[in-house]
Amino acid sequence: MEYNPAEIERKWQGRWADRQVYKTYNNTTKPKYYVLDMFPYPSGAGLHVGHPLGYIASDIVARFKRLKGFNVLHPMGFDSFGLPAEQYAIETGQHPALTTAKNIATFKRQLNRIGFSYDWDREVQTSAPDYYKWTQWIFMQLFNAWYDLGHSANNGLGKARDIVELVELFEQSGNVNVRAACHEDVPHFDAARWLAFSERTKAEILLKYRLTFLSEEVVNWCPALGTVLANDEVKDGRSERGGYPVERKLMQQWMMRITAYSERLLQDLETVGFTESLKEMQRNWIGKSMGAELDFKVVGQDLSLTVFTTRIDTTFGATFVSIAPEHEWIPRLTSPDQQAAVAEYVLKAKNRSERDRMADVKTVSGVFTGTYVINPLSGEKIQLWAADYVLAGYGTGVVMAVPSSDDRDFRFAKHYQLPIVCVIEGTENMADPTEKKKGKMINSGFLNGLETADAIQLATQKAVALGVGKARINYRMRDAVFSRQRYWGEPVPVYFKEGIPHLIQVDELPLILPEIDEFKPTPTGEPPLGRAVNWKYQGQYEYELSTMPGWAGSSWYFLRYMDARNDQVFADRAAMDYWREVDLYVGGTEHAVGHLMYSRFWHKFLYDKGLVGFPEPYKKLLNQGKIQGRSSFVYKLKTENKFISKGLRGQFGEVAELSAPISLVQLDVLDIEEYKKFRPEFIDAEFVLENGQYICGDGVEKMSKSKHNVVNPDEVCDEYGADTLRLYEMFLGPIEADKPWSTHGIEGVYRFLKKMWRLFYDEKGNWQVKEADPNKEEWKALHKALKKAEEDVEHLSFNTSVSAFMVCVNELSSLKCNKRAILADLLVMVSPYAPHITEELWEQLGHATSITQAIFPQWNPVHLVEDSFEYPISINGKVRTKMDFAADLPVQEIEKQVLTSPAVQKYMEGKPAKKVIIVPKRMVNVVI
RNA sequence: GCGGAUGUGGCGUAAUUGGUAGCCGCACUAGACUUAGGAUCUAGCGCCUUCGGGCAUGGGGGUUCGAGUCCCUCCAUCCGCACCA
């Protein structure tokens, strides 16, 4: 009987399903372990071999933890709302729900084939009404909340509170004493005025405080997709999906006040197990900078411009002020004679797309407004310029320009010949004074002689004393746009009454996505939901027509798995208190500033509301690397219908590189006949061979259809079986590393499985397991591997644990060991990696019908202790000989034996030993 | 420009975290068993060598009895952010 993966895997996958082996219960006394994969978007292309990399790793951890006696939550689901299904619907008219259902079925079939131990009873789909009901519910909680920045709440970091409490505060004393995260333009009012406001005004004011709010914002508008996008969905001025140009546009949008949580999102990074580089990405995205605000009085007007700076110490070097061209005060700040020039410049800057503006950051442009402002510390009268290097959206949109210590200000001043005053000692004679940014202050009045840090402190104090400034912290992170003018997303549970948004009733959830005839915007430019017939709240009020973005559903799904079928609450509090944080979260870095940021934000909100009992959702994050495609190339002469083998290029003239489907290439050798079938136009082509074969070139590229290099896991399962695929993907290298897919090494792990099989069956297929007691050598081979494999899984070093299995099987093979006691433990050890073959052999061993049910709790092998060690003996750092010592020999005794050994004395040449260094279980070094 | 990481045989990688560098696998070489092998088994496999040994972890320097590992410096590659004041 040969190892036959196809038969074994079919058998066991069937049994696992029938017996519901992987069903997980919330009510056990076992300790819990929650291991989660980032759920996939079910694309039409199905899985390729890159997807399962992380899933295999998490499945190994899940199975391993079950062996160790944990109650393991290891679920899977689908992030099934999103753009591709909708784009496909626009092109083909097919309903996104249908394509999505079809794609999910394909994904599930492929996942099950690999043998993952998911509890499918807990599956979630973000596009299912019984799921998005709760996404809508969380939206409503956000709408009904405001953020109290308070002095004492949550250690001074503030927390979200119910909007009703805000109304109470307003009724008591207006908003003067309320410290809340809100729009800056809320006017002050006292209790009497609040009570006197109309209901409408009250609603408008409250909207400016809510954690999700409607607002006129400059947003990323993508005309090709017909929707707005969040900042993290825009890369280099183009949409991440599809790569279409993105414009800036002022639109009314639903926003999420993630900025209220900036400081907490930043600080709590210290408490989570993310990699340093990923934390750094999030820190950059939050972009905290500590600095100061400073007011520059406008000459001849009763008006001040506030700038934000991190270098208030250099204020004496501020020789002009720059203002963003989009700034709303520009008309007021322009002198009559500069009116025309400024207007022209502002218009030009506006029409320049975001992308153009980024493309030439080196080009300097700006225009003098004709207005002067007063430097508040030096009293100097300086020019005010409009310049597009100043961003309207960051800080105050106004910058004090210090050409002597800021690179951009320096370029600008050079270009327009504006004055430059050096304020740091040693920069006076430098061609580019901005290269030295810190040092003793000069030319700076009361700051002269101070070092940078002290100067910042004193300058800030002085500004406060003069009433012209204050210390200020700025964050780069913006509030997140929450509207998408698309169909295939969660409807926003809001209707409009006289232009004011109102929530629908909780018992009216879910607000079902209505059917529409076409998935395009309406002729009047409204979102697709505008097409829904008779879709009105209580038959008369307009619903919100935009839908939620893709990240809404994925921002809380990890909680739903804990109690996936609950129709009373989003998840039962007791279930969440049992499962708590995700112990291990596995996924790619592409979600570093999107999903991982938004879900932390929502989670913290739920925490503030007392709905969950822990402030961070993920304990440890493992970023698996990407598997790139390995493309194969053939080389065709440009002038002839002739293909040249890789090694012979250059002997025939210029060649063109064509990609060849990797299915037609085995170990770099091209199947010429199949290639001709694939490209019939080359049916008569001549192939110049080397050693009788056509050798292809290769290169590493992203896996994609157009490059003919996609490898489907089904193909690998067909040829080698799921266990080989699982082992091989783990064996490929460290899980975090990016690596090209290559089948070059897959034979190795396949051989390993066959070799393991042969420990149980002889060549003729006879069962050959013996009951005899294993000898010491056999135990040692096994326990070495057990120890290593166990440590490696704990450290998520899967490649080295696979190596340990291979060593073990090699050793047992050469010892001809087929003793039951050894083989049983070997199976247990390998089972998380190759569950099918191990269960099959385990069943044959006759101990149980299922490893998962029978033996987990008692797997706690006692590692065999080494009873003697071989020490290399080095003299002055050079290894000269080796000696054996009993394991429990005291170091003094080792030292004595070493020094009296003839072999050592030979090298010591009669000199006395200065010292003897004994590294236990390692080596002995004698220094003379 | 700023930030993060990485650099070891022909290739993918390993090294008990400062202790004999190269585990495991691929590829390759030789042999065995075979009608056959893209099956299996055995042996070899960093480089040089006068067979004593010598040299090797991107380059150079340092700390140490001892450095792939720690420190300094230069070089190269990958990733992230980028007019953020």
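Reminder, nothing fancy here: chain letters follow the sequence lines and each chain counts from 1.
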Chemist: Return no unless some side-chain N or O of A/Lys914 is found under 4.0 Å from OP1 or OP2 of B/C65.
Modeler: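 Checking B/C65 against A/Lys914, no side-chain N or O comes under 4.0 Å of OP1 or OP2.
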Chemist: Report the distance from atom CD of A/Glu763 to atom C1' of B/U34, rounded to the nearest whole Å.
Modeler: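 From A/Glu763 CD to B/U34 C1': 14 Å.
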Chemist: Taking the nucleotide of RNA chain B with the nearest heavy atom to each, does A/Lys739 or A/Leu278 sit closer to the 5' end?
Modeler: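 With A/Lys739 and A/Leu278 compared, the 5'-side residue is A/Leu278.
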Chemist: Please tell me which of the listed nucleotides, B/C83, B/A39, B/G19, lies nearest to the side chain of A/Arg751?
Modeler: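 Nearest to the side chain of A/Arg751 among the choices is B/A39.
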Chemist: Classify the ring geometry between A/Phe412 and A/Tyr389 as parallel (under 30°), tilted (30 to 60°) or perpendicular (over 60°).
Modeler: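 Tilted.
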Chemist: With a 4.0 Å cut-off on heavy atoms, is A/Lys279 in touch with a base, just the backbone sugar-phosphate, or nothing at all?
Modeler: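 Answer is nothing: A/Lys279 stays at 4.0 Å or more from every strand.
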Chemist: Taking CD from A/Glu280 and C1' from B/U6, how many angstroms apart are they, rounded to a whole number?
Modeler: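 So the CD-C1' distance, A/Glu280 to B/U6, works out to 17 Å.
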Chemist: What I want to check is whether the side chains of A/Asp792 and A/Thr800 have a donor and an acceptor closer together than 3.5 Å.
Modeler: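 Result is yes, a qualifying pair exists.
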Chemist: Since syn is defined as within 90° of 0, does B/G9 count as syn or as anti?
Modeler: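 That one's syn.
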Chemist: Once Watson-Crick and G-U wobble pairs under 3.5 Å are found, how is RNA chain B written in dot-bracket notation, 5' to 3', with | for any base paired to another strand?
Modeler: (((((((..(((......[....))).(((((.......))))).(((....)))..(((((..]....))))))))))))....
Chemist: Where the side chain of A/Glu719 is concerned, which of B/G38, B/C24, B/A14 is the nearest nucleotide?
Modeler: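 Of the candidates, B/G38 comes closest.
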Chemist: If you apply the rule side chain to side chain contact (heavy atoms under 4.5 Å, CB included), what do you find for A/Leu826 with A/Cys808, and how did you get there?
Modeler: CA-CA 9 Å; A/Leu826 174 69; A/Cys808 181; 3.9 Å; yes
Chemist: Between B/A85, B/C26, B/G19, which nucleotide has the shortest distance from any of its atoms to the side chain of A/Val919?
Modeler: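 Per side-chain heavy atoms of A/Val919, the pick is B/G19.
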Chemist: What's the base orientation of B/U17: syn (chi within 90° of 0) or anti?
Modeler: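 B/U17: syn glycosidic orientation.
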Chemist: Specify the glycosidic conformation (syn or anti) of B/G25, with syn defined as within 90° of 0.
Modeler: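 Here B/G25 takes the anti form, which means its glycosidic angle is more than 90° from 0.
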Chemist: Given B/G80, B/C65, B/C83, identify the nucleotide with an atom nearest to the side chain of A/Val927.
Modeler: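 Of the candidates, B/C65 comes closest.
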Chemist: Just checking A/Met806: base, sugar-phosphate only, or nothing, at a heavy-atom cut-off of under 4.0 Å?
Modeler: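 Touches sugar-phosphate only.
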Chemist: Considering residues at least two apart in sequence or located in another chain, which fulfil the side-chain hydrogen bond (donor to acceptor under 3.5 Å, both in side chains) criterion with A/Lys755?
Modeler: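 Checked A/Lys755 against side-chain hydrogen bond (donor to acceptor under 3.5 Å, both in side chains); matches are A/Asn810.
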Chemist: Counting any heavy atom closer than 4.0 Å, what does A/Asn474 reach on the DNA or RNA strands: base, sugar-phosphate only, or nothing?
Modeler: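 Answer is nothing: A/Asn474 stays at 4.0 Å or more from every strand.
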Chemist: Which sits closer to the 5' end of RNA chain B, A/Lys915 or A/Glu276, going by the nucleotide each is nearest to?
Modeler: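 Comparing both residues, the 5'-ward one is A/Glu276.
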Chemist: Given atom CZ of A/Arg476 and atom C1' of B/G80, what is their separation to the nearest angstrom?
Modeler: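 Computing the A/Arg476:CZ to B/G80:C1' distance gives 12 Å.
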Chemist: Just checking, any donor-acceptor pair under 3.5 angstrom between side chains of A/Glu2 and A/Tyr761?
Modeler: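 Side chains of A/Glu2 and A/Tyr761: no pair found under 3.5 Å.
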Chemist: For A/Ile746 and B/C24, give me the distance from atom CD1 to atom P, rounded to whole Å.
Modeler: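 Taking CD1 of A/Ile746 and P of B/C24, I get 21 Å after rounding.
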Chemist: Students often mix this up, so state it plainly: with edges at 30° and 60°, are the rings of A/Tyr871 and A/Phe885 parallel, tilted or perpendicular?
Modeler: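 If you compare the ring of A/Tyr871 with that of A/Phe885, the planes turn out perpendicular.
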Chemist: Check every strand shown and say whether A/Ile917 touches a base, only sugar-phosphate, or nothing at a heavy-atom separation below 4.0 Å.
Modeler: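 Base, at least one base heavy atom under 4.0 Å.
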Chemist: NZ of A/Lys414 versus P of B/C83: gap in Å, rounded?
Modeler: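 That distance rounds to 24 Å.
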Chemist: Is it true that A/Lys288 and A/Glu263 have a side-chain N and a carboxylate O under 4.0 angstrom from each other?
Modeler: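 Salt bridge: yes.
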Chemist: What residues, two or more places apart in sequence or in another chain, satisfy side-chain contact (heavy atoms from CB on, under 4.5 Å) together with A/Asn474?
Modeler: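 Per chain and number, A/Asn474 pairs via side-chain contact (heavy atoms from CB on, under 4.5 Å) with A/Ser289, A/Phe308, A/Tyr394, A/Arg472.
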Chemist: Report the distance from atom NZ of A/Lys788 to atom C1' of B/U17, rounded to the nearest whole Å.
Modeler: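 Taking atom C1' of B/U17 as the reference, NZ of A/Lys788 is at 12 Å.
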Chemist: I'd like to know if A/Asn925 reaches the base of B/C65 with its side chain, counting only an N/O donor and acceptor under 3.5 Å.
Modeler: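 Indeed, a donor on one side and an acceptor on the other fall under 3.5 Å apart.
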Chemist: Quickly work out the A/Ile873 CD1 to B/G19 P distance and round it to whole Å.
Modeler: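 To the nearest whole Å, that distance equals 17 Å.
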Chemist: Looking at B/C41, B/G4, B/A85, which one has an atom nearest to any side-chain atom of A/Leu391?
Modeler: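 It is B/A85.
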Chemist: Categorize A/Pro740 for me: base, sugar-phosphate, or nothing, with a 4.0 angstrom heavy-atom threshold over every strand shown.
Modeler: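 If one applies the 4.0 Å heavy-atom cut-off, A/Pro740 turns out to touch nothing in the nucleic acid.
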Chemist: Which one, B/A14, B/C26, B/A85, comes nearest to the side chain of A/Asn799?
Modeler: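 Of B/A14, B/C26, B/A85, B/A14 is nearest to the side chain of A/Asn799.
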Chemist: Answer yes or no: does a side-chain N or O of A/Asn810 lie under 4.0 Å from OP1 or OP2 of B/C24?
Modeler: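 So the side chain of A/Asn810 is outside the cut-off, no N or O lying under 4.0 Å from OP1 or OP2 of B/C24.
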Chemist: Salt bridge between A/Glu280 and A/Arg283, side-chain N to carboxylate O under 4.0 Å?
Modeler: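 Judged by the 4.0 Å cut-off on N to carboxylate O distance, A/Glu280 and A/Arg283 do form a salt bridge.
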Chemist: How is A/Val807 classified with respect to the nucleic acid when contacts are heavy atoms under 4.0 Å: base, sugar-phosphate, or nothing?
Modeler: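 Counting heavy atoms under 4.0 Å across all strands, the contact made by A/Val807 is with sugar-phosphate only.
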Chemist: Let me know the distance between NZ of A/Lys754 and C1' of B/G25, rounded to the nearest Å.
Modeler: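 Answer to the nearest Å: 15 Å.
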Chemist: A/Thr310 side chain: which of B/A14, B/G25, B/A85 is closest?
Modeler: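 It is B/A85.
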Chemist: Determine: side-chain N/O of A/Arg283 to OP1/OP2 of B/G4, distance under 4.0 Å, yes or no.
Modeler: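 Negative; the distance criterion is not met.
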Chemist: OP1, OP2 of B/A85 versus side-chain N and O of A/Tyr394: anything below 4.0 Å?
Modeler: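 Result: yes.
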Chemist: Below 4.0 angstrom from OP1 or OP2 of B/A85, is there any side-chain N or O of A/Ser289?
Modeler: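 Affirmative; the distance criterion is met.
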